[in-house]
Amino acid sequence: MAKVPAAAVAASGLVGGYGVARWTGKRPLGGVALAAAGSLAVYEWNRQAGPRAATALTVAYVAAFAGSHPLAKKVGAWPAVFAVAGGVAAASWAVTRRA
């Protein structure tokens, strides 16, 4: 079975979760998309790099979601989402490429 690129899944979850919430007008639906992608990313992080790395990257994923809100007040919503998604993707890539 091929590896799923966890960095892409995590970044897509952050961007997709915001996009779904914005375009549907239903924030809980965006949360479902965010959580679904986050769950798959956690599974892949655990599989590729182990439980400690998965825990650290999960904390980063949640912190990126939370941090995008105050950042959006400074730079705008989409730039904030793309910035935090890029940060999580970079962290994920850095951790999982060693595995």
Heavy-atom closest pair, residues [X] and [Y]:
X: A41; Y: V9; result: N-CG1, 3.8 Å
X: A10; Y: Y61; result: O-CE1, 3.4 Å
X: G17; Y: A33; result: CA-CB, 4.0 Å

Pairs satisfying ring pair (Phe, Tyr, Trp, His ring centres under 6.0 Å), at least one member in residues 25-51, at least two apart: none

Pair listing, side-chain hydrogen bond (donor to acceptor under 3.5 Å, both in side chains) test, anchored in residues 13-32, at least two apart: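 Only Y18-R22 qualify under side-chain hydrogen bond (donor to acceptor under 3.5 Å, both in side chains).
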
Check: V88 main-chain N/O paired with S92 side-chain donor or acceptor under 3.5 Å: no

From N46 atom CG to T96 atom OG1, the distance as rounded to the nearest 0.5 Å: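 Atom-to-atom, N46:CG and T96:OG1 are 12.5 Å apart.
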
Inter-residue atom distance S12.OG - L34.CG, 0.5 Å rounding: 11.5 Å

Co-members of V20 in a cluster of I, L, V, M, F, W and Y side chains, linked at under 4.5 Å: L29

Linked hydrophobic residues, W93 as query - side chain contacts closer than 4.5 Å: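 Its cluster mates, by chain and number: none.
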
Test side-chain contact (heavy atoms from CB on, under 4.5 Å) applied to A21 - qualifying residues, sequence neighbours left out: none

A53: side-chain contact (heavy atoms from CB on, under 4.5 Å) partners, not counting sequence neighbours: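 A53: side-chain contact (heavy atoms from CB on, under 4.5 Å) contacts with A49, V95.
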
Name each donor-acceptor pair under 3.5 Å that joins a side chain in residues 69-85 to protein atoms two or more places apart or in another chain, with its distance.
{"unit_1": "H69", "atom_1": "ND1", "unit_2": "F65", "atom_2": "O", "d": "2.9"}

